[in-house]
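What follows is a set of notes on a single structure, which appears directly below.
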Amino acid sequence: MTKEEMVTLISAEGFEFVIDKKAAMVSQTIRNMLTSPGSFAESREGKVTFPEISTTILEKICQYFYWSLQYASGKETEFHIEPELTLELMMAANYLHT
């Protein structure tokens, strides 16, 4: 994949997740950051930093993005969420509009 087809999501601890841009677009918030008119750093650089989202939660969110694409294409599988992550995931999902 080319650099334009990828996006980097950066957690509060600075860990970088390089994922398919199509997967990241599952989030309305990320979609707005990457496609808004103007010269926003996120759209120019293809990097989005989340200072309030931990690495563990951002990793699970990235997994969800890919799961969501598969689900939308007709592949129905279960998405497992560890109970101890539920509250933080709900808050992050609310922020990301996923």
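Start at 1 with the first residue, then count along the sequence. The basis for the numbers below is simple: all heavy atoms, side chains too, and nothing from hydrogens, waters or symmetry mates.
Pairing each heavy atom of C62 with each of L9, the nearest pair is SG-CD1, 3.9 Å. The shortest heavy-atom contact between L58 and S11 is CD2-N, 3.5 Å. The nearest pair of heavy atoms linking K47 to E16 is NZ-OE2, 4.3 Å. Of all heavy-atom pairs spanning T86 and P83, the tightest one is OG1-O, 3.0 Å. When all heavy atoms are compared, the tightest approach of P51 to A12 is O-CB, 3.2 Å.
In the hydrophobic clustering of ILVMFWY residues, with side-chain heavy atoms under 4.5 Å counting as a link, V26 and Y71 come out together. Under the 4.5 Å side-chain contact rule for hydrophobic residues, M33 and V7 share a cluster. In terms of hydrophobic clustering, with Ile, Leu, Val, Met, Phe, Trp and Tyr side chains grouped at heavy-atom distances under 4.5 Å, F15 and I30 are assigned to a common cluster.
From S27, atom OG reaches atom CG of L34 across 9.0 Å, with rounding to the nearest 0.5 Å. One finds the CD atom of E52 at 13.0 Å from the CD1 atom of I57 (value rounded to the nearest 0.5 Å). Distance check: L96 CG to N32 CG gives 11.5 Å after rounding to the nearest 0.5 Å. Here the CD1-CG distance, from I61 to L89, works out to 6.0 Å after rounding to the nearest 0.5 Å. Separation of atoms OG1 (T29) and CD (E42) is listed at 11.5 Å; rounding is to 0.5 Å.
Residue pairs meeting the salt bridge (charged side-chain N to carboxylate O under 4.0 Å, His left out) criterion with at least one member in residues 80-89, sequence neighbours excluded: K60-E82.
When side chains are defined from C-beta on, Y95 counts as touching F50, because their heavy atoms get closer than 4.5 Å.
For E13, the CD atom sits in a packed shell: over 12 heavy atoms of surrounding residues, nucleotides or ligands are nearer than 6.0 Å. Counting heavy-atom neighbours within 6.0 Å of F79 CZ, excluding the residue itself, gives a total above 12.
No donor-acceptor distance shorter than 3.5 angstrom exists from the side chain of S68 to the backbone of Y64, with no hydrogens or angles considered.
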Going through the distances and angles, do H97 and R31 end up as a side chain to side chain contact (heavy atoms under 4.5 Å, CB included)? CA-CA 10 Å; H97 297 270; R31 181 183 322 208; over 6 Å; no
Please report, to 0.1 Å, the donor-acceptor pairs under 3.5 Å made by any side chain of residues 17-25, with sequence neighbours excluded.
unit_1	atom_1	unit_2	atom_2	d
D20	OD1	K22	N	3.0

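Take T77 and apply the side-chain hydrogen bond (donor to acceptor under 3.5 Å, both in side chains) test, not counting sequence neighbours, and it matches W67.
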